[in-house]
2 protein chains.
Amino acid sequence: MTRNSSREEWADQIAALDSAPARKEPITVGRIVGTALELVRAEGFDALTMRRVAAALGTGPASLYAHVRNKADLDDLLIGTLSRNITLPEPDAREWRAQVVDVCGQLRDQFLRHPGIARAALNAPPANLDTLRITEGLLALFVAGGVAVRTAAWTIDALLLYVSAYTVESSLRGSVDRDEMLARLGMLPVNRFPLVVEHASELNSGEGHERFEFALRLMLDGLG
Amino acid sequence: MTRNSSREEWADQIAALDSAPARKEPITVGRIVGTALELVRAEGFDALTMRRVAAALGTGPASLYAHVRNKADLDDLLIGTLSRNITLPEPDAREWRAQVVDVCGQLRDQFLRHPGIARAALNAPPANLDTLRITEGLLALFVAGGVAVRTAAWTIDALLLYVSAYTVESSLRGSVDRDEMLARLGMLPVNRFPLVVEHASELNSGEGHERFEFALRLMLDGLG
DNA sequence: TTCGTGAGTAGAACAGTGTTCGTGTCCGAC
DNA sequence: GTCGGACACGAACACTGTTCTACTCACGAA
């Protein structure tokens with residue numbers, strides 16, 4: 001050990017006075033998922049890169065691959081943790097439909113709180129344990145409502161697909177300029193788009209999540 | 001001009017005997033979209049790269065940006081051309097539902113023929129002229145069926161979202177190992193997933209596009 | 001106490017990606 | 001015939017996910 005190297009060590013130790021407490025806590029899957037989720041919440045799904053997560057943890061991207069197989073694997077973990085936040089109600093045969101709508105609403109809100117993450121939900125494998133928990137819970141609601149299992153399974157499939165698609169779309173149009181949209185529709189040639197032009201305002205109607213709940217009711221009211 | 005350079009020119013001219021006819025035809029938006037679509041059809045949406053498209057056209061990626069604003073712009077053009085392939089039926093009040101199902105089926109097939117392109121459809125701006133043509137056509141069918149315009153508009157929105165989500169999902173699971181899936185479901189703890197385990201086969205049922213048509217009927221049968 | 005040993009960490013690099021800059025080149029209109 | 005402007009494109013930039021390869025360092029065995 002030369003004098004120089006001991007000097008460097010000395011400097012490192014001094015620098016470690018600040019960074020040590022951050023460096024010391026080991027990298028775990030939990031910390032990775034946590035910072036990733038926070039990153040998505042703050043800057044959207046496109047900002048979620050291995051480098052950004054690693055940097056937020058004070059390290060390089062290579063360190064993450066000891067705990068996570070892939071970026072795709074990380075995505076699955078994210079939607080898993082999101083799914084774990086969903087509370088499944090005790091089935092009540094008299095208002096099972098409202099309970100289903102509530103669960104879907106929870107999912108929607110979880111997804112919208114983390115803009116763009118629904119894209120990961122569409123790509124996630126259907127065998128994920130946490131999403132299966134939701135499927136189980138929804139299935140129980142349908143069974144309580146007296147719906148045949150096969151019908152219930154297919155309806156649940158459609159519902160979850162719709163929730164994902166809805167959240168994907170509505171999280172990338174951040175508060176659409178409805179006026180702008182109406183103006184554009186107004187510019188269309190009436191002979192080619194008679195209905196669209198005439199009912200432009202109806203096409204763009206729907207406050208908050210009206211369209212969302214409408215679609216859910218559409219699928220549920222035909223059952224039982 | 002040295003002798004050498006004229007030699008090079010000579011060599012270039014000889015080489016041009018083959019590449020000239022390919023080089024001569026100018027790059028147009030149509031040729032870009034065509035080769036891009038063919039690329040997606042052959043190798044999937046992930047293989048759609050500016051570089052790949054440019055290479056297939058015998059040039060570099062920079063050349064594309066004279067005709068296309070973005071990759072996102074190219075994606076929009078692609079789903080535009082796909083939408084233009086949809087044939088809209090003349091509304092028949094007696095079987096308007098079947099007509100709607102048919103149009104959605106055309107869309108589904110177009111998307112599945114180009115695996116993964118549905119992801120672009122979800123991100124496409126709703127003001128696209130070609131998709132508005134489809135909206136107009138569907139709206140006409142609903143109006144012929146006596147459905148209120150606002151209800152029709154919202155239902156169409158839900159339908160198109162579902163079609164996109166369905167095709168996204170079913171184009172990335174290339175012929176799922178249903179046996180594998182059933183085996184995994186069988187390994188689940190019965191106390192936590194009683195319904196899923198018991199009805200595993202029902203959960204994975206559905207041949208061809210049965211689930212697809214079921215979901216469409218689900219949304220349509222509640223109307224009118 | 002000393003010595004591995006193996007898991008966890010991380011720097012550097014690779015093959016890709018979308019996109020832009022500046023230079024070139026060639027065709028058509030004056 | 002000459003000029004101008006649209007088009008084409010090589011090179012480069014800032015990114016991305018991922019892997020290779022060293023390297024540290026705490027823990028248990030001899």
Side-chain angles (χ1 to χ4, degrees), chain A residues 1 5-6 8-13 15-16 19-33 35-36 39-40 43-78 116-117 119-120 123, chain B residues 1 5-6 8-9 12-13 15-16 19-33 35-36 39-40 43-78 116-117 119-120 123:
Chain A
M1 303 291 176
S5 79
S6 59
E8 286 176 356
E9 284 174 5
W10 180 238
D12 282 352
Q13 288 174 18
S19 60
R23 285 282 175 89
K24 193 170 190 179
E25 15 188 336
I27 301 178
T28 65
V29 182
R31 292 212 321 137
I32 292 177
V33 169
T35 58
L39 188 56
V40 174
E43 303 189 34
F45 187 67
D46 288 327
L48 178 65
T49 61
M50 302 301 261
R51 280 175 167 80
R52 290 291 304 269
V53 174
L57 259 53
T59 176
S63 303
L64 305 181
Y65 286 84
H67 309 271
V68 164
R69 229 192 323 268
N70 260 348
K71 167 107 198 311
D73 190 26
L74 175 57
D75 292 347
D76 291 355
L77 289 174
L78 292 191
I117 209 175
R119 248 173 299 160
N123 292 23
Chain B
M1 301 291 179
S5 79
S6 59
E8 286 174 357
E9 284 175 5
D12 282 352
Q13 289 175 17
S19 60
R23 285 284 176 87
K24 193 170 191 179
E25 16 189 336
I27 299 180
T28 66
V29 182
R31 292 214 318 141
I32 291 178
V33 169
T35 59
L39 187 56
V40 173
E43 304 189 35
F45 187 66
D46 288 328
L48 178 64
T49 303
M50 301 300 263
R51 279 175 166 79
R52 291 290 306 268
V53 174
L57 259 53
T59 177
S63 303
L64 305 181
Y65 288 83
H67 308 271
V68 164
R69 230 192 323 268
N70 260 347
K71 168 107 196 313
D73 190 26
L74 175 57
D75 292 347
D76 292 354
L77 289 174
L78 292 192
I117 209 175
R119 245 174 302 161
N123 293 23

Identify the heavy atoms of [X] and [Y] that sit nearest to each other, and give their distance.
| X | Y | answer |
| --- | --- | --- |
| A:R51 | A:P61 | CG-CG, 4.0 Å |
| A:L39 | A:A47 | CD2-O, 3.6 Å |
| B:L74 | B:M50 | CD2-SD, 4.1 Å |

Could you tell me whether the phosphate oxygens of [N], OP1 or OP2, come under 4.0 Å of any side-chain nitrogen or oxygen in [X]?
| X | N | value |
| --- | --- | --- |
| A:H67 | C:dA7 | no |
| B:S63 | D:dC9 | yes |
| A:T59 | C:dA10 | yes |
| B:N70 | C:dT19 | yes |

Quiz item: Between the base of C:dG18 and the side chain of B:R51, is there a donor-acceptor distance below 3.5 Å?
Solution: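 By the distance-only test, yes, there is a pair.
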Distance, rounded to the nearest Å, where [X] contributes [atom1] and [N] contributes [atom2]:
| X | N | atom1 | atom2 | value |
| --- | --- | --- | --- | --- |
| B:Y65 | D:dC9 | OH | P | 15 Å |
| B:L48 | C:dG16 | CG | C1' | 15 Å |
| B:D46 | D:dG17 | CG | P | 14 Å |
| A:L64 | C:dG11 | CG | P | 12 Å |
| B:D73 | C:dT20 | CG | P | 12 Å |

Practice problem: First locate atom CG of A:L64, then atom CG of A:D73, and finally report the distance between them rounded to the nearest 0.5 Å. | Solution: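 Nearest 0.5 Å value for the CG-CG distance: 11.5 Å.
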Practice problem: Could you tell me whether B:T49 contacts a base, only the sugar-phosphate backbone, or nothing, with contacts defined as non-hydrogen atoms closer than 4.0 Å? | Solution: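 Counting heavy atoms under 4.0 Å across all strands, the contact made by B:T49 is with sugar-phosphate only.
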